[in-house]
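Remarks on the structure that follows.
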Amino acid sequence: MSLEEEYQLQYFEDEGFHRLECSECGANFWTRDGDRQTCGEPPCAEYSFIDDPGFDEEHSLAEMREAFLSFFEDHDHERIDPYPVAANRWRDDVLLTQASIYDFQPLVTSGETPPPANPLTISQPCIRMQDIDNVGKTGRHTMAFEMMAHHAFNAREDIEDPDQYAYEGEVYWKDETVELCDELFDSLGADLDEITYIEDPWVGGGNAGPAIEVIYKGAELATLVFMSMEQDPEGEYEMKDGNRYSPMDTYIVDTGYGLERWTWMSQGTPTVYEAVYPDMIAFLKDNAGIDHTDEEESIIHDAARLSGNLDIDDVDDVEAARDDIADQVGVSTSELRDLVEPLEDIYAISDHCRTLAYMLGDGIVPSNVGTGYLARMVLRRTKRLCDNVGVDAPLDELVDMQAERLDYENRDTIRDIVRTEVERYRETLDRGGRRVRQLADEYAGKGESIPTKELIELYDSHGIQPDMVAEIAAEKGVDVAVPDDFYSLVAERHGGGEGVEADEDDPYADRIAELPDTDRLYYEDQTRMDFEAVVLDVFEREDGEYDIVLDQTMFYPEGGGQPADHGTLSTDDVTAEVRDVQISDGVVRHRTDEDPGKGEFVRGQIDATRRHRLMRHHTATHIVGYAARRVLGDHIRQAGAQKHTDSARLDVRHYEPISREEVREIEHLANEIVMDNSTVSQEWPHRNEAEAEHGFDLYQGGIPPGEQIRLIHVDEDVQACGGTHVARTGDVGAIKILGTERIQDGVERITFAAGDAAIEATQRTEDALSEAAEILDVSPQDVPETAERFFTEWKERGKTIEELKEELAEVRAAGADAGEEVDVGGTPAVVQRLDADMDELRATANAIVEEGKIAVIGSGRDGAQFVVAVPDDAGVDAGDVVGELAGRVGGGGGGPPDFAQGGGPNEAELDDALDDAPDVLRQVRNA
RNA sequence: GGGCCCAUAGCUCAGUGGUAGAGUGCCUCCUUUGCAAGGAGGAUGCCCAGGGUUCGAAUCCCUGUGGGUCCA
């Protein structure tokens, strides 16, 4: 079954639309103009709005956004504030927000959670990294953009249980959506006859549905998606991805209107960038000293208009079209290139700076993982573009220009981060440059070019772009051939083998699924440590332990970085020790050593000391996180946390190491909050209200499911949290930060202890110090100074010993107590036993050689060891001698011909071996 | 989260199992002296930590720590 009939809209009929087929591409489309030939979308048609804007008035970005949002507000839509560009703040399957619908996935689109409003309108900042190479060059690609949209969330009315989903009934569907689109165009003064609605079914992420592309004057200005089907092997519709789909109970209007395109359309500038970033472009041109004559200006303008009319979808097309365009505007290709390329860089810089402002403004910290890595990549690319085109304004200032325009409040932090990153990049380049120069020298010496293998290594392990290698190598006159498939070669190095970790098989998942959700009493009263319950089921495990399911429990199951409670479950006959508690699908399982019996009443008793310690550490984690945010900046966000009974750790995103000074400040502030002894409160608001009031910073520890979420208030800090907490901050007792460390780039770990654990931790540190003080026999305050003195003295002593050994060796060699002296083919040889360490043996042997004699020294200090040293021209290979001698003591040895060492374990054979040494020497000489 | 690279003198780095090196900077002296510089000599080191292999480890293996980098 096809989707053709899905497009037979009443609205089209009422308005007298015609369904036509494009003469170029064959696509079906709807239009008021019955004589129309093509669908209107490049390459079937050309842009017709350059120098001839499609709307009545010119709009700036802000004006166009406002026009759109207020239009939909006037048509009964609620205006929603945009979400962060860091989509991983509310979902864990993507890094960046790439469309407005991302804001409502997965919980709203699946019907689990109601939308914040219905219908709604929004202008959502988005970042798409996949077009990064095209930005600036094609005239219309941007990495940062705003997707203006209106959404309506519908649920079918003919389903069995209307309460099954978080929204009910139909708000509106296809006809109204197209009508709204048409009216919006009309309100801006567009020529409605020029609009085409192309049938273009949509598939993505397991969903599908009919969709319409809206084309006006050659530009795709909107996409209207009617998400209504899900993948289903039995489904009646086969879509273009080859899979089958069937209708869903929920169906959603998902529209996307590109703010930049609409703004561009209203201005008719040659490129989208000029419509969106007029101020920034003017600033950058001035800063880079780009100044065009009127004639040049008109060449650039014409070239841009021409390339806009071409089907230019990526950089390769630009290159291919350049000759053609140069020809048409009447200049040489290289002239055109020289005029246009600096502008392309400036366009890209403007766009990238806005991208960075979004990312950093939303609290992304550059790092080598996740969104942090994407931010770093964009930043480095932008820096390269600036250097390339000769923009010398500091990058942090450029990003700040955009951050200011976007009304971010954390502009100082953003500038700080950019400065830190630029400096870091400079260091990487320094390091890389040195490395490349060295390699270039090496290959220049060999008269070869730098091989691909080295290029890959330089890029993959050291972050040096191949073109940079080529540049530096050229200075040294060395060739570099960069293969076309360079980046796929890099990818190859990373291999494919993704380890799929299978979830642990739950042998009784079916039985668990049938049990009711366990009533979790610890949310009602976090301080109570005993309770009564009925045993609903008992599962005997293979290891002889039991999993007990109760109707209700006070036991906290492991979760949110808080370990499970321990304690006991007892009947009159049995007391079962609870050693672990887990929750799955709302059912709590208590791991015990005894079976209290299914159907029995049990009394539960929590190990109160353990729980209290965990509660203190959990509340303390919130306090420390809040204090860190106050001290280090608003970007501070939890990257992970784990509580224990004797300490806890909090990982936060931050762009530089936390200094000792900052640690002190955080500790002070944290303890002030403790001393304030304010109430720690919990509430269960609707998630939409919670998000509206507190933003997504709620989800520090992960994104909880469900409509109602639990919020914990500690001082001014609010977090969605499922853990157990003390009643007042004062109950935490005290907070002692034990240390900070960088666990990965952009993530700092703060380890701390709370309550009695803080005291114990302090005592441990003090014990260590006082023990050290005792050993050094000084007071604790003097330990650092004394340790330094001792260390220095120890080093000096080492040097003195070294010198003395050498002197001793010389005296020995010269003295009469030298060992047996024999003649080996005219060269005197000294054979001697000297029970000393290797250093001394070596020194002695050297001293003997100085006198022109062969030295054979043996030591029984540590097994049997030999050193053999031979003066020049003695005709004896020291390595052979040592090899022979060492063999006799069960070992081996070797070394250069004039100085060898070796040994073996059999010390008893040492003297015999030394006795044989003269013979060995003669043998080796004759060999 | 995964892959790769690196850790040796204050700095930049050589050193692939056998006596720890170079350049630069530093110190002293000499020459010259307005400065820059030139010459001679000298001092530098827990070779990141711990374990293993070996007669012997800066070097090989394992673990950890710290840093860098690429990818999702």
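Below, read A as the first sequence line, B as the second, and so on, with proteins coming before strands; counting in each chain starts at 1.
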Roughly, in whole Å, what's the span from CD1 in Ile801(A) to P in rC46(B)? 16 Å

How close or far is atom C1' of rC46(B) from atom CG of Asp839(A), stated in whole angstroms? 14 Å

I want to confirm an ordering. Mapping Tyr425(A) and Gly891(A) to their closest nucleotides on RNA chain B, which one lands closer to the 5' end? Gly891(A)

Can you tell me if Glu884(A) and Gln923(A) form a side-chain donor-acceptor pair at under 3.5 Å? no

Check the distance between rU19(B)'s P and Asp837(A)'s CG and give it to me in whole angstrom. 15 Å

Closest to the Asn368(A) side chain, choosing from rC70(B), rG68(B), rC5(B): rC70(B)

Using a strict 4.0 Å threshold on nitrogen-to-oxygen distance, state whether Glu427(A) and Arg424(A) make a salt bridge. no

Measure centre to centre between the rings of Tyr83(A) and Tyr102(A), then say whether the value is under 6.0 Å. no

Rounded distance (Å) that lies between atom P of rA43(B) and atom CD of Glu796(A): 15 Å

Ion pair present between Arg842(A) and Asp839(A), side-chain N to carboxylate O less than 4.0 angstrom? yes

With rounding to whole Å, what would you report as the distance between rC26(B) and rU33(B) at their P atoms? 23 Å

Is any side-chain N of the basic residue among Asp396(A) and Arg419(A) closer than 4.0 Å to the acidic one's carboxylate O? yes

Hydrogens and angles aside, do Gln865(A) and Gln901(A) bring a side-chain donor and acceptor to less than 3.5 Å of each other? no

If you look at every strand shown and take non-hydrogen atoms under 4.0 Å, does Gly370(A) touch a base, only sugar-phosphate, or nothing? base

With a 4.5 Å limit on heavy-atom distance, are the side chains of Tyr459(A) and Ile464(A) in contact? no

In terms of side-chain heavy atoms, does Arg384(A) have a donor or acceptor partner in Tyr425(A) at a distance below 3.5 Å? yes

Just wondering, are more than 12 heavy atoms of other shown residues or ligands nearer than 6.0 Å to CD in Glu771(A)? no

Find the distance Arg749(A):CZ to rG66(B):C1' and express it as a whole number of Å. 15 Å

Which pairs, with at least one residue in residues 450-459 of chain A and sequence neighbours excluded, count as a salt bridge (Lys or Arg N to Asp or Glu O under 4.0 Å)? Glu457(A)-Arg493(A)

Could you give the distance separating rU28(B) and rU69(B) at their P atoms, to the nearest angstrom? 40 Å

Working for side-chain hydrogen bond (donor to acceptor under 3.5 Å, both in side chains), residues Gln562(A) and Gln642(A): CA-CA 6 Å; Gln562(A) 181 177 334; Gln642(A) 183 64 46; over 6 Å; no

Can you find a side chain N or O atom of Lys799(A) that sits less than 4.0 Å from OP1 or OP2 on rG45(B)? yes

Between P of rU69(B) and CE of Met377(A), the distance in whole Å: 14 Å

If we take the P atom in both rC60(B) and rA7(B), what is their distance in whole Å? 10 Å

Close N or O pairs between protein and nucleotides 47-50 of chain B (under 3.5 Å):
none

Here the distance between atom P of rC70(B) and atom CD of Glu454(A), to the nearest Å, is 18 Å

Would you please enumerate the stems RNA chain B participates in, each stem being three or more consecutive Watson-Crick or G-U wobble pairs with both distances under 3.5 Å? B:1-7 with B:65-71, B:10-13 with B:21-24, B:26-30 with B:38-42, B:48-52 with B:60-64

Residues 903-913 of chain A side chain polar contacts: donor-acceptor under 3.5 Å, at least two apart:
{"from": "Asn906(A)", "atom 1": "ND2", "to": "Val889(A)", "atom 2": "O", "distance (Å)": "3.4"}
{"from": "Asp911(A)", "atom 1": "OD1", "to": "Arg833(A)", "atom 2": "NH1", "distance (Å)": "3.1"}
{"from": "Asp911(A)", "atom 1": "OD2", "to": "Arg833(A)", "atom 2": "NH1", "distance (Å)": "3.2"}

Expressed as a whole number of Å, how far does the P atom of rG52(B) sit from that of rG21(B)? 28 Å

Can you tell me the distance, in whole Å, between the CG atom of Asp430(A) and the P atom of rG68(B)? 14 Å

Phosphate OP1/OP2 of rU69(B): any Arg380(A) side-chain N/O under 4.0 Å: yes

Let me spell it out: for each of Trp794(A) and Gln865(A), pick the nucleotide of RNA chain B with the closest heavy atom. Which residue's pick is nearer the 5' end? Trp794(A)

For rA72(B) and rC11(B), measure between their C1' atoms and round to the nearest Å. 37 Å

Integer angstrom distance from the C1' of rA57(B) to that of rC62(B): 14 Å

Show the atom names and distances, to 0.1 Å, of all donor-acceptor pairs under 3.5 Å that link a side chain in residues 791-799 of chain A to residues at least two apart or in another chain.
{"from": "Thr792(A)", "atom 1": "OG1", "to": "Glu788(A)", "atom 2": "O", "distance (Å)": "2.7"}

Within the structure shown, what part of the strands sits under 4.0 Å from Tyr459(A) by heavy-atom distance: base, sugar-phosphate, or nothing? sugar-phosphate

Same-atom distance (C1') from rU59(B) to rC6(B), integer angstrom: 15 Å

Against the side chain of Asn846(A), the closest entry in rU69(B), rU19(B), rC4(B) is rU19(B)

Can you classify the ring geometry of Phe696(A) versus Trp90(A) as parallel (below 30°), tilted (30 to 60°) or perpendicular (above 60°)? tilted

Is there a donor N/O on one and an acceptor N/O on the other, under 3.5 Å, for the side chain of Asp460(A) and the base of rG3(B)? yes

Treat primed atoms plus P, OP1 and OP2 as sugar-phosphate and everything else as base, then score nucleotides 12-18 of chain B 5' to 3': B for base contact with protein heavy atoms under 4.0 Å, S for sugar-phosphate contact only, - for none. SSS---B

Among rC5(B), rU69(B), rG45(B), which nucleotide has an atom closest to any side-chain atom of Lys795(A)? rG45(B)

For rG18(B) versus rU54(B), give the span between their C1' atoms, rounded off to a whole number of Å. 12 Å

Is there a side-chain contact between Thr428(A) and the phosphate of rU69(B), meaning an N or O under 4.0 Å from OP1 or OP2? yes

